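For reference, the structure discussed in these notes is given below.
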Amino acid sequence: MKIASWNVNSLNVRLPQLEQWLGEFAPDVVGLQETKLEDHRFPDDALAALGYRSVFHGQKTYNGVAILARNHALEDVQIAIPGFDDAQARAIAATVGDVRIVNLYVVNGQDVGTEKYAYKLRWLDAVHGWLAGELQRHERLVVLGDFNIAPDDRDVHDPATWNDEHILTSTAERAALQRLLALGLHDGFRLHNDEGGIFSWWDYRQAAFRRNLGLRIDLTLVSDALRGSTANAGIDRTPRTWERASDHAPAFVELA
DNA sequence: ATGGTAGCTCCGCTA
């Protein structure tokens with residue numbers, strides 16, 4: 001089972017690219033982030049024509065998440081983090097076959113010390129409580145999404161800039177990610193790759209993609225029970241090379 | 001430290 005995560009940065013703009021990529025990459029499950037679409041505008045019919053069912057949680061202009069699945073129903077759908085009052089559409093979960101999928105668009109946080117940064121840390125704390133319960137209910141759990149946190153220095157092009165006081169790499173953000181992993185989750189990518197310099201996001205500015213000035217912030221985490229059956233993991237850079245691309249490339253994990 | 005680009009909405013905000 002091929003499971004992927006892609007921040008499309010507007011599904012309205014990127015639908016043709018999503019359709020092409022679904023055909024070429026043929027994932028079984030996809031978590032999307034930054035769809036930027038209200039639910040009544042979600043293109044579920046176009047995706048169904050390609051064999052994908054979808055569940056979604058969106059809003060106008062910002063945020064928005066969805067889960068797509070091929071040849072499977074999406075069951076026990078959870079919209080948003082339970083018990084956490086959140087005006088922003090950033091979380092959705094569903095069960096696909098015997099795997100529970102949690103799809104997150106983690107808060108960016110703008111800059112360390114800002115109100116948005118405090119919201120990011122509060123949000124991650126709420127996710128921690130939610131995932132603890134999800135792991136109780138579902139041994140086979142995949143938590144994927146745009147985490148807006150680069151786990152360690154291998155995951156940034158310039159550790160001097162992206163240091164412990166910088167947004168996306170700060171001490172508190174990385175600690176919050178480690179706290180999620182400590183629940184019994186593993187960075188699927190790192191089960192199969194020790195290298196640095198492999199990224200999932202490149203800023204639109206300064207020709208960052210061409211110069212590979214990126215970060216690895218899109219993650220696919222697998223639970224203890226899935227660790228042994230994680231056959232492969234990586235990042236598909238192909239859609240990032242296309243005209244009018246998203247600034248993110250899909251991250252994926254394959255379960256045997 | 002700043003400002004660079006992209007998407008969307010409304011002329012700024014978010015990333």
Side-chain angles (χ1 to χ4, degrees), chain A residues 5-21 31-43 46 56-66 80-81 86-92 103-124 127 144-151 155-170 172-174 176-177 199-219 235 237-251:
Chain A
S5 171
W6 191 12
N7 180 324
V8 292
N9 185 20
S10 170
L11 185 51
N12 188 42
V13 171
R14 230 66 68 187
L15 179 60
Q17 296 190 18
L18 176 62
E19 291 172 328
Q20 182 176 346
W21 180 74
L32 301 176
Q33 305 87 33
E34 285 206 85
T35 55
K36 301 186 179 179
L37 287 177
E38 292 177 289
D39 289 344
H40 72 270
R41 294 185 58 210
F42 193 89
F56 38 86
H57 172 41
Q59 64 186 101
K60 207 199 296 192
T61 313
Y62 303 120
N63 310 311
V65 286
I81 306 168
D86 196 352
Q88 305 191 5
R90 295 181 172 276
I92 188 168
N103 177 27
L104 304 176
Y105 175 43
V106 175
V107 177
N108 175 285
Q110 192 174 49
D111 277 306
V112 174
T114 63
E115 177 49 43
K116 290 189 177 70
Y117 183 74
Y119 167 52
K120 181 177 197 171
L121 297 179
R122 278 200 312 277
W123 197 89
L124 287 164
V127 166
L144 51 76
D146 176 356
F147 279 72
N148 269 317
I149 302 171
D155 304 312
V156 309
H157 68 271
D158 177 15
T161 297
W162 297 92
N163 59 32
D164 60 7
E165 296 178 355
H166 201 285
I167 195 66
L168 312 191
T169 52
S170 73
E173 290 167 88
R174 283 175 163 169
L177 175 60
F199 306 129
S200 67
W201 170 80
W202 301 261
D203 200 293
Y204 283 123
R205 296 163 284 197
Q206 301 172 319
F209 181 64
R210 183 178 57 72
R211 301 157 67 202
N212 198 32
L213 306 180
L215 304 178
R216 191 175 69 88
I217 55 178
D218 299 273
L219 309 179
I235 293 158
R237 293 169 51 104
T238 308
R240 189 64 178 81
T241 69
W242 293 342
E243 281 299 314
R244 208 180 182 194
S246 168
D247 47 350
H248 294 253

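Residue numbers begin at 1 in each chain, while the letters A, B, ... track the order of the sequences. Quantities reported herein were computed from a predicted structural model and do not represent experimental measurements.
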Provide the distance between the two C1' atoms, one in B/dG4 and one in B/dT14, to the nearest whole Å. 15 Å
With sequence neighbours excluded, what pairs up with A/Gln88 under the side-chain contact (heavy atoms from CB on, under 4.5 Å) test? A/Gln59, A/Asn63, A/Asp86, A/Arg90, A/Tyr119
Same-atom distance (C1') from B/dT9 to B/dA15, integer angstrom: 15 Å
P gap between B/dG7 and B/dA1, integer Å: 29 Å
A/Tyr105 near the nucleic acid: base, sugar-phosphate alone, or nothing, with a heavy-atom cut-off under 4.0 Å? sugar-phosphate
If the condition is ring pair (Phe, Tyr, Trp, His ring centres under 6.0 Å), which residues does A/Tyr105 pass it with, not counting sequence neighbours? none
C1' atoms of B/dC11 and B/dT2, separation to the nearest Å: 23 Å
Among residues at least two apart in sequence or on other chains, which ones pass side-chain contact (heavy atoms from CB on, under 4.5 Å) with A/Pro16? none
Just call it for A/Arg41: base, sugar-phosphate, or nothing, with non-hydrogen atoms closer than 4.0 Å on any strand. nothing
Along DNA chain B, first and last positions that approach a heavy atom of chain A under 4.0 Å: B/dG3 to B/dA15
Using the test side-chain contact (heavy atoms from CB on, under 4.5 Å), find all partners of A/Asn212 that sit at least two apart in sequence or belong to another chain. A/Phe199, A/Trp202, A/Arg237
Could I get the full list of ring pair (Phe, Tyr, Trp, His ring centres under 6.0 Å) partners for A/Tyr117, not counting sequence neighbours? none
Go through the side-chain N and O atoms of A/Gln33 and A/Asp146 and say whether any donor and acceptor fall under 3.5 Å apart. no
Inter-nucleotide P distance (B/dA6, B/dC10), Å rounded: 22 Å
In terms of the nearest nucleotide of DNA chain B, which residue is placed more toward the 5' end: A/Lys36 or A/Tyr62? A/Lys36
